[in-house]
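Here is the structure we will look at.
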Amino acid sequence: MDSMRIIEVKQSIFADNDEDANKLRSRLKEQKTFLLNMMSSPGSGKTTTLVRTINALSDRLRIGVMEADIDSDVDAWTIAEKTSAKTIQLHTGGMCHLDADMTRQGLKELGTEEIDLAVLENVGNLVCPAEFDTGASKNVMILSVPEGHDKPLKYPLIFTVCDALIINKIDVLPYFDFDMDLVREYAKRRNPKLKIFPICAKTGEGMEAWCDWLYQEVMEWNK
Amino acid sequence: MHELGIVVHITKTLKGIAKENQLKEIASVSLELGEVSGVIPEILTDCWNYYRKKFPLIEEAELKFETLPAVTYCEDCEKTYPTVQYGKKCPHCGSDHTYLIAGNECNIKEIEAC
Ligand SMILES: Nc1nc2c(ncn2[C@@H]2O[C@H](COP(=O)(O)OP(=O)(O)O)[C@@H](O)[C@H]2O)c(=O)[nH]1
Ligand SMILES: [Mg+2]
Ligand SMILES: [Zn+2]
């Protein structure tokens with residue numbers, strides 16, 4: 001019987017996922033498929049924003065959607081009913097986030113050959129998805145006005161891993177003491193390169209700037 | 001729920017290390033958890049005890065924890081302070097232009113194995 005020895009590891013438990021994520025990202029780059037990871041609290045408007053985004057871009061891009069709500073397939077049905085994008089439901093088995101390996105399996109099921117833009121609607125949560133790189137080309141977070149402008153102070157990590165921040169539900173600004181300048185300042189402090197798009201997913205206000213940015217990023221990635 | 005995901009990732013990492021070092025059995029796994037990592041050792045241990053039974057490599061492995069202190073930095077007075085005690089507001093100058101510089105860790109420090 002061999003004797004036990006101590007092996008020093010000194011590694012973040014997220015290191016293996018980071019490696020999987022980087023592999024997936026370079027594979028997607030080769031295949032010319034852009035993966036967008038959408039994160040937010042539950043109810044911020046991911047599904048509503050996604051429906052509008054798909055309908056604005058579907059004549060220029062072939063789009064596929066992976067829905068990762070914890071235990072329902074309501075969002076997958078909504079996307080399927082309101083858009084022409086190919087949609088699948090991922091099951092996270094009760095987990096609070098998707099990791100790179102689950103994303104890879106989802107993309108396999110979705111099939112990336114015929115897809116220019118794959119969108120992952122991540123599990124509604126501001127903590128766990130931020131810690132697990134999914135292998136996405138770009139990450140976007142949606143913050144809705146009722147959630148308050150201090151979210152970048154409370155959940156700093158997600159603001160540092162995102163490339164874009166959508167501020168949704170600007171139609172209800174008159175009813176909340178949400179300070180648009182402060183949220184910009186707090187968010188930029190966490191991440192100076194962050195692109196910020198105030199929108200109203202309900203009416204479509206502000207969607208054009210967001211969709212233009214996304215389209216440019218997809219074209220750049222897939223060229 | 002977050003803890004189960006973490007256990008899955010620890011196991012993956014351990015499998016890799018076992019392969020590299022030709023290990024057959026792991027007796028213990030020492031983790032370093034930051035004070036504000038949000039990981040709860042008791043829940044992690046419960047998830048671990050459930051999950052380890054699926055893999056002979058870690059079936060007998062015990063989880064051990066070490067806590068790393070959380071430290072916040074103040075942008076205004078450029079000092080640091082203990083996060084858990086004072087939170088978001090700098091105790092030196094009262095500013096809330098502060099951010100966490102340590103305490104979010106979730107590391108595998110070392111393992112005991114053969
Ligand atoms: N007032 C308002 N409501 C919105 C807006 N966008 C979404 N909602 C509503 O917010 C709720 C949650 O939206 P949903 O897209 O399902 O959020 P998800 O959980 O992040 O996917 C729904 O009732 C939407 O109709 C908006 O811009 N303004
Ligand atoms: Mg949704
Ligand atoms: Zn200070």
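Naming: A, B, ... by sequence-line order, numbering from 1 per chain.
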Subject >> Proximal component of A/E19, with respect to chain B [non-hydrogen, under 4.5 Å] >> reply: neither

Subject >> CG-CG distance between A/L157 and B/N104, expressed to the nearest 0.5 angstrom >> reply: 6.5 Å

Subject >> Interface moiety of B/T98 toward chain A, non-hydrogen atoms closer than 4.5 Å >> reply: backbone

Subject >> Gap between atom CG of A/D16 and atom OG1 of B/T11 - 0.5 Å precision >> reply: 9.5 Å

**OP:** Tell me, for B/I108 versus chain A, whether the close heavy atoms (under 4.5 Å) come from the side chain, the backbone, both or neither.
**Re:** both

Original post:
Taking all atoms of both residues into account, what is the closest heavy-atom pair of A/E131 and B/S37, and its distance?
Top reply: OE2-O, 4.5 Å

Subject >> Exercise: identify the closest heavy-atom pair between A/S3 and B/C114 >> reply: O-CB, 3.5 Å

Subject >> Approximate separation, where rounding is to 0.5 Å, of B/S30 OG and A/I7 CD1 >> reply: 12.0 Å

**OP:** Would you indicate whether B/Y50, at its atom OH, is surrounded by more than 12 heavy atoms from other residues, nucleotides or ligands within a distance under 6.0 Å?
**Re:** no

**OP:** Please state whether the side chain, the backbone, both or neither of A/D20 comes within less than 4.5 Å of a heavy atom of chain B.
**Re:** side chain

Subject >> B/K88 vs A/K154 side-chain heavy atoms within contact, under 4.5 Å >> reply: no

Original post:
Could you state the interatomic distance from CD (A/Q11) to CG (B/L14), rounded to the nearest 0.5 Å?
Top reply: 9.5 Å

Original post:
Is it the side chain or the backbone of B/L23 that comes within 4.5 Å of chain A heavy atoms, both, or neither?
Top reply: side chain

**OP:** Could you tell me the separation between the NE2 atom of B/H9 and the CD1 atom of A/I13, rounded to the nearest 0.5 Å?
**Re:** 7.0 Å

Subject >> Value rounded to 0.5 Å, distance of CD in B/E112 from CZ in A/R5 >> reply: 12.0 Å

**OP:** Determine whether more than 12 heavy atoms belonging to other residues, nucleotides or ligands lie under 6.0 Å from atom NZ of B/K12.
**Re:** yes

Original post:
Of the listed residues (B/E75, B/E105, B/E32, B/H97), which shares the most heavy-atom pairs with chain A below a 4.5 Å separation?
Top reply: B/H97

**OP:** Kindly give the heavy-atom pair with the smallest separation between A/E8 and B/E110, and that separation in Å.
**Re:** CA-CB, 4.0 Å

